[in-house]
Amino acid sequence: MDILENLNDNQKEAVLHINGPLLVLAGAGSGKTKVLTTRIAYLIQEGISPLNILAITFTNKAAMEMKGRIYKLIGYTARDMQISTFHSFGLRIVKENYEYLGYSKNFVVIDSDDSLTVVKKILKDKNIDPNKFNPRAIRSKISTLKNELKTPDIYKREVSDVFEEVVLDVYLKYQSILQENNSLDFDDLLILPIKLFKEKPDILEYYQEKFKYILIDEYQDTNEAQYKLTKLLAKKYQNICAVGDVDQAIYGFRGANYKNILNFERDYKNTKIINLEENYRSTKTILKAANSVIRNNKNRKVKNLFSNLEEGEKINYYRASDYQDEVQFVVQKIKELAKSNNYSDIVILYRTNAQSRMFEDGLVKANIPYKIIGGINFYGRLEIKNLLAYLRLIHNSQDNVSLERIINVPKRGIGEKTISKLASTADLKQISLYEAIDSGKELIFKNIIEELKAKKDTMPLVEFIDLVLDKSGIRKEYESEKSLDADIRLENLEEFKSVAKTFEDEYGVVSLEDFLLNISLVSDNTEIKEEKNAVSLMTIHAVKGLEFPYVFLVGMEENLFPHANSLYSEEELEEERRLCYVAITRCKKKMFITNARIRLLYGTNQVNPISRFIKEIDPDLLDNISANCFEKNEKIDYNNIKEEKVDISKNYDNVDINYQVGDFVYHENFGAGKVLEIIPNLKDPTRTLLKIAFKLPYGVKTLIYSHKNLRKV
DNA sequence: GCCTAAGTGCTTTTT
DNA sequence: GCACTTAGGC
């Protein structure tokens, strides 16, 4: 089989380039993954050992996908090469060099939840008011600093206000706590290898020899640490192939710097640059829409991405009355599509995870199978986190964070007092909390852990997990509760066992250590419940790299998308726009864009303007559909009226018009309505409220509202 | 130490 | 709407 068969000239050129730096600027849908995978296959075909190849992606999903495609091309010869995310690559390096880095063998990797817990604890110990200094903000600042490779020492020099002083203070303590607990956070997985490589040239050289051929996907999304890490590794042989697209840089918020890709030529002499500009994915209409949006970014290199596919259908744009209407529209359209397509051809994309729930409800009611990708993490569930904390503590008794989490789970009558007593003993003797336990109810707990510790290597993983569930009392607690909630938790624990089972099946006998380390980097639960034919729901960030024939882009309102937090920064706004570009370019055949006139957000009804991104799309490409309103003199069915208040705090306007009950009115956002009641405000007549019935596509809704944006008809 | 009720503040996106 | 925190009664 000729692996070069289906490539165009530029793609072929990229594949055939073996030695020396190569930069592939690959527009959306231009066959980027194809180039990467074929190139790897070609390298191996040309006699380069798979052991010498390192390919780095951003998500586990992308890594899996890439592996699969290479296997398809050249079979399992490819098994020996390293395809992983930056973080799992970092983990590998740390695992191979933990001693030099000052950790012991049973180190654990903590997730961002745990690191937040650590920050909160530090604030408490230092008597810093978490209401004044937001723990999340502090954690995220520390993470940013770490990714910028700024140690506390370096940061000290630039601290300029109280918040930063607090950050510095917490940062120092945070690092020492992690070290004491023999645990690393995600950021350490990038920084520690860099530290190692800088301090130990011989070790660096070993890895340079090992990974002579390096491929980096989504190079525009690398942050300082990732950039440094690659640079160190590629320095000797310069056989680095970076693939990326500046227009798809969407991780600025976590320190990614798209300029890394622009500087590639400067960093690596004699770089060969290849542009991939033909899009094989989307119809002309969709590509034009994407281009018309991204064109509004000032900070970009103009490029010419084109499609030779058919013109295609126009983009459907539906401006719904409210979120329920928006959901109904989407559900309706999905039903229509499902007549001649698979559910798996359809994706619903939103800006924030919080938006997923209402679509989930709608799909459940309509009996449409769906899967949510990302969002509330399987491993983030309480029962799973607790079980994991047990496993971690059994594995690493230095892990104070895990101990505190579960010493009283299920309830054993151990409270704050006992823990602080333990903490002071531990502090005094310079030992861990676990080691400090010597009496009382705590000792019973310790004995359970000791017993489990002794058994951990004597049985298969799944059996051991069962044992932990039994001995800890977790299972019994949920079983005796007999509520739906408890049943779900038990089910999740069973699910966790099947994760372990799959892991064992794949790798043979595995140690608790390997299992824990492996699991710490898996964040998305997509692979756990493999639903074959289902509509996908995910954030736009999560959809990067994927494609679907039918795409619903929902919630296209100002404040939501672009998100309220990014409205005041040109940089962030451009990132939002790139995000929109990513969303549109996922679509192969037909796209649907929706928004809602009233949106239930944070518990109140809000009214948001239409997203600027919709306005940036050439109107000729859009097919507008709007919600119907009701006719003058139409009878209102008062039996089925839902009454809702709109957040009217900003909506007062001077009142000149005298409305009367029964008047027909028209409102910019809600459409036609009828005045049902006038609610006077005696203190301030300009603040008179009206109770108005508005007709929405699925029924009548009553809103209490001011006069703003309202007129008589 | 546990439980409940009431109060508070906030929510972008991910490894 | 929610998760999270706090106060107060048991």
Side-chain angles (χ1 to χ4, degrees), chain A residues 56-63 84-91 109-113 115-117 120 123-124 129-132 134-137 140 143-144 146-147 184-191 218 221-223 225-226 248-256 323 349-358 373-377 379-380 382 407-408 410-421 440-441 519-524 538-545 555 559-567 569 572-573 575-576 578-580 582-583 599-606:
Chain A
I56 288 184
T57 61
F58 264 78
T59 61
N60 295 307
K61 215 189 314 170
S84 56
T85 63
F86 266 110
H87 290 85
S88 42
F89 174 69
L91 176 61
V109 179
I110 64 167
D111 62 20
S112 32
D113 262 9
S115 85
L116 185 62
T117 309
K120 281 181 182 163
L123 291 180
K124 206 169 182 186
D129 182 4
N131 292 321
K132 265 176 109 179
N134 184 333
R136 299 176 93 95
S140 109
S143 173
T144 306
K146 289 176 85 167
N147 279 299
L184 323 178
D185 65 12
F186 284 141
D187 307 324
D188 289 328
L189 294 174
L190 302 175
I191 315 179
E218 311 275 15
D221 284 329
T222 48
N223 64 28
Q226 292 161 333
Q248 294 183 69
I250 55 173
Y251 285 102
F253 71 91
R254 67 167 189 209
Y323 80 93
L349 299 179
Y350 34 79
R351 175 69 241 266
T352 67
N353 278 308
Q355 286 163 264
S356 69
R357 232 173 73 182
M358 50 194 213
I373 293 167
I376 308 143
N377 195 324
Y379 297 100
L382 184 75
I407 191 166
N408 200 29
K411 302 247 149 38
R412 302 190 173 86
I414 301 171
E416 226 174 299
K417 263 198 178 154
T418 315
I419 291 173
S420 64
K421 209 178 70 197
K441 296 172 187 150
I519 233 172
S520 59
L521 294 183
V522 188
S523 74
D524 53 273
M538 62 187 105
T539 64
I540 305 169
H541 282 88
V543 82
K544 188 151 90 146
N559 296 319
L560 213 62
F561 192 27
H563 194 272
N565 295 358
S566 48
L567 293 182
S569 142
E572 288 179 50
L573 211 47
E575 181 151 314
E576 295 283 303
R578 291 193 292 270
L579 199 52
C580 183
V582 168
R599 166 147 332 255
L600 193 64
L601 258 185
Y602 315 135
T604 50
N605 279 307
Q606 294 185 1

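Predicted model only: the values in this text are computed from it and were never measured. Per chain, numbering begins at 1; letters A, B, ... match sequence-line order.
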With a non-hydrogen cut-off below 4.0 angstrom, is [X] in contact with a base, only sugar-phosphate, or nothing?
| X | result |
| --- | --- |
| A:Phe86 | nothing |
| A:Phe561 | nothing |
| A:Glu575 | nothing |
| A:Ile414 | sugar-phosphate |
| A:Arg357 | sugar-phosphate |
| A:Glu572 | base |
| A:Thr418 | sugar-phosphate |

Measuring only the C1' atom in each nucleotide, how far is B:dT13 from C:dC4? A whole number of Å is fine.
22 Å
Item to complete: Please state the C1' separation for the pair B:dT12 and C:dT5 - nearest whole angstrom.
Response: 24 Å
OP1, OP2 of [N] versus side-chain N and O of [X]: anything below 4.0 Å?
| X | N | answer |
| --- | --- | --- |
| A:Lys544 | B:dT13 | no |
| A:Arg136 | B:dT11 | yes |
| A:Asn134 | B:dT11 | yes |
| A:Thr539 | B:dT12 | no |

Taken in chain and number order and not counting sequence neighbours, the residues that satisfy salt bridge (Lys or Arg N to Asp or Glu O under 4.0 Å) with A:Glu218 are A:Lys32, A:Lys544
Residues passing the salt bridge (Lys or Arg N to Asp or Glu O under 4.0 Å) test with A:Arg599, sequence neighbours excluded, are A:Glu326, A:Glu557
Exactly one candidate in A:Pro130, A:Ser115, A:Pro135 meets side chain to side chain contact (heavy atoms under 4.5 Å, CB included) with A:Lys120; the answer is A:Pro135
Between [X] ([atom1]) and [N] ([atom2]), how many Å, whole number?
| X | N | atom1 | atom2 | answer |
| --- | --- | --- | --- | --- |
| A:Lys441 | B:dC2 | NZ | C1' | 11 Å |
| A:Leu123 | C:dC4 | CG | C1' | 15 Å |
| A:Leu190 | B:dT14 | CG | C1' | 12 Å |
| A:Leu91 | B:dT15 | CG | P | 15 Å |
| A:Asn353 | B:dT15 | CG | P | 11 Å |
| A:Met358 | B:dT11 | CE | P | 20 Å |
| A:Glu218 | B:dT15 | CD | P | 12 Å |
| A:Ile540 | B:dT13 | CD1 | C1' | 9 Å |

Between A:Arg412 and A:Arg254, the residue closer to the 5' end of DNA chain B by nearest nucleotide is A:Arg412
DNA chain B nearest-nucleotide lookup for A:Asn408 and A:Glu576: closer to the 5′ end is A:Asn408
Could you work out which one of [options] sits closest to the side chain of [X]?
| X | options | value |
| --- | --- | --- |
| A:Phe186 | B:dT13, B:dT15, B:dG1 | B:dT15 |
| A:His541 | B:dT14, B:dT15, B:dC2 | B:dT14 |
| A:Lys417 | B:dG1, B:dT12, B:dT15 | B:dG1 |

Taking the six-membered ring for Trp, does A:Phe253 stack with B:dT13 (centroid gap under 5.5 Å, planes within less than 30°)? yes
Worksheet item: Do we see A:His563 stacking on the base of B:dT12, given a limit of 5.5 Å between centres and 30° between planes?
Response: yes
(Q) For a side chain to side chain contact (heavy atoms under 4.5 Å, CB included) check, start with the C-alpha distance between A:Leu567 and A:Leu573, then their side-chain angles and the critical distance, and finish with the verdict. (A) CA-CA 6 Å; A:Leu567 293 182; A:Leu573 211 47; 4.2 Å; yes
By ring-ring contact (aromatic ring centres under 6.0 Å, His included), A:His541 pairs with (sequence neighbours left out) A:Tyr251, A:Phe253
Under the rule of Watson-Crick or G-U wobble with both distances under 3.5 Å, where | means paired to another strand and [ ] a crossing pair, DNA chain C maps to ||||||||||
Going by the rule side-chain hydrogen bond (donor to acceptor under 3.5 Å, both in side chains), which residues pair with [X] if we only count those two or more places apart in sequence or in a different chain?
| X | answer |
| --- | --- |
| A:Thr144 | none |
| A:Gln248 | A:Asp245, A:Arg586 |
| A:Gln226 | none |
| A:Ser84 | A:Gln82 |

A:Val109 and A:His87: side chain to side chain contact (heavy atoms under 4.5 Å, CB included), yes or no, with the steps? CA-CA 11 Å; A:Val109 179; A:His87 290 85; over 6 Å; no
Report the C-alpha separation of A:His563 and A:Thr352 in whole Å, then their side-chain angles, then the decisive distance to 0.1 Å, and conclude whether the side chain to side chain contact (heavy atoms under 4.5 Å, CB included) test is met. CA-CA 9 Å; A:His563 194 272; A:Thr352 67; 4.0 Å; yes
Q: Would you check if the side chain of A:Asn408 reaches a backbone N or O of A:Gly413 as a donor-acceptor pair within less than 3.5 Å?
A: yes
Distances under 3.5 Å between nitrogen or oxygen atoms of protein and nucleotides 5-10 of chain C:
none

